[in-house]
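In what follows, a structure is listed as structure tokens, so that the remarks can point back to it.
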Amino acid sequence: MNIGIIGSGFIGGTLAKLLSTAGHTVKVSNSRGPNTVDADVLSTGAIAVTKEEALVGADVVILSIPFIRIPDLKNLLAGLPEDVVIIDTSNYIPARDERLDAIENGQPDSMWASEQIGRPLAKAWNTIYSASLNEAGRPAGDPERIAVPVAADRDQDRIVAMALVEDSGFDAYYAGSLAESWRQQCGTPCYCTELTSEALPQALANANLARSRKRRDLFFAVYNERFGTIGTNPSRNYIVQLSKLIYA
């Protein structure tokens with residue numbers, strides 16, 4: 001597939017490497033220009049381009065930018081053909097983003113994001129810590145392979161997103177519609193807890209929206225006390241163990 005990635009940070013940059021390794025043609029961009037994309041992101045064949053160039057000929061566009069910046073992409077994405085699949089990897093985190101009344105009042109992150117860009121999308125890779133994405137991929141059939149939930153409304157979005165999750169080294173699990181995608185938001189039992197496909201369905205079923213918000217805020221209170229400003233990437237073990245303690 002021809003894949004355009006908007007965002008070359010911890011998640012977007014890692015996906016550029018993984019999906020290029022899997023044989024896809026990947027173009028990756030960020031807000032600062034092609035010359036600022038880290039060489040490691042391009043080490044397996046991805047090409048650094050502008051945001052506009054990332055969309056040219058794309059079958060799939062992956063959004064991997066801070067959640068609060070998604071509305072800025074509406075005009076950029078407006079000209080894409082209807083059959084282009086858009087996958088969002090981001091999370092609403094009030095400790096980092098401004099508080100959004102719609103989401104605080106119950107609207108799922110992914111439905112808000114879809115409204116902002118005026119297009120359907122799929123939600124994937126938002127539950128996996130960036131270090132886990134980089135380090136923990138395993139071959140299909142491995143009993144310890146981590147599962148990644150995928151939410152989507154359109155069949156084509158679901159099929160494509162799940163195929164790419166598999167190509168990135170993780171088991172894809174269809175978690176339902178965007179209306180149900182709050183079950184994979186930050187603070188829920190499946191968030192950064194590295195569950196297998198055997199354990200993931202129960203974690204999704206156990207999700208509680210009010211509880212997840214309290215646990216999310218508790219997690220980031222601990223994080224901020226320990227590390228300060230969000231953006232520091234602690235070790236995989238630290239984040240996964242803390243997530244299991246607070247979210248599970």
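Since we're looking at a predicted model, the values are computed, not measured.
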d(Ile159 CD1, Tyr174 OH) to nearest 0.5 Å is 10.5 Å
dist Phe220:CZ -> Ile246:CD1 (nearest 0.5 Å) comes out at 9.5 Å
Q.
Is it the case that atom NZ in Lys244 sees more than 12 heavy atoms from other parts of the structure closer than 6.0 Å?
A. yes
(Q) Using a 3.5 Å distance criterion without hydrogens, assess whether the side chain of Lys27 forms a donor-acceptor pair with backbone atoms of Glu53. (A) yes
Test item: Asp59 side-chain N/O and Asn2 main-chain N/O as donor-acceptor pair under 3.5 Å = yes
Exercise: identify the closest heavy-atom pair between [X] and [Y]:
{"X": "Pro108", "Y": "Gln185", "answer": "CA-OE1, 3.2 Å"}
{"X": "Ile87", "Y": "Val60", "answer": "CD1-CG1, 3.9 Å"}
{"X": "Pro149", "Y": "Ala147", "answer": "CD-O, 4.1 Å"}
{"X": "Tyr92", "Y": "Ile103", "answer": "CD2-CG2, 3.4 Å"}
{"X": "Asn233", "Y": "Tyr129", "answer": "C-OH, 3.3 Å"}
{"X": "Thr44", "Y": "Ala16", "answer": "OG1-O, 4.1 Å"}

- NZ or CZ of Arg215 within 45° of Tyr247 ring axis and under 6.0 Å: no
_Side chains of Leu80 and Leu55, heavy atoms from C-beta outward: is any pair under 4.5 Å?_
yes
- request: List the steps and the verdict of side-chain contact (heavy atoms from CB on, under 4.5 Å) for Thr25 and Met1.
  value: CA-CA 6 Å; Thr25 299; Met1 294 182 185; over 6 Å; no
Next on the checklist: Less than 4.0 angstrom from a charged side-chain N to a carboxylate O is my criterion; do Arg99 and Glu104 meet it?
Outcome noted: yes
Salt bridge or not for Arg145 and Glu198, using N-O below 4.0 Å? no
Walk me through it: do Asn30 and Thr36 pass the test side chain to side chain donor-acceptor pair (under 3.5 Å)?
CA-CA 8 Å; Asn30 62 28; Thr36 67; 3.0 Å; yes
Check whether Tyr223 and Tyr191 end up in the same hydrophobic cluster, where Ile, Leu, Val, Met, Phe, Trp and Tyr are linked by side-chain heavy atoms less than 4.5 Å apart.
yes
Which of Asp157, Leu178, Ile86, Val85 passes side-chain contact (heavy atoms from CB on, under 4.5 Å) with Pro120? It is Asp157
Quiz item: Going through the distances and angles, do Gln184 and Asn126 end up as a side chain to side chain donor-acceptor pair (under 3.5 Å)?
Solution: CA-CA 8 Å; Gln184 66 190 74; Asn126 72 298; 3.0 Å; yes
- Task: Begin from the C-alpha positions of Ser243 and Thr193 and carry the test side chain to side chain donor-acceptor pair (under 3.5 Å) through to its verdict.
- Result: CA-CA 6 Å; Ser243 297; Thr193 51; over 6 Å; no
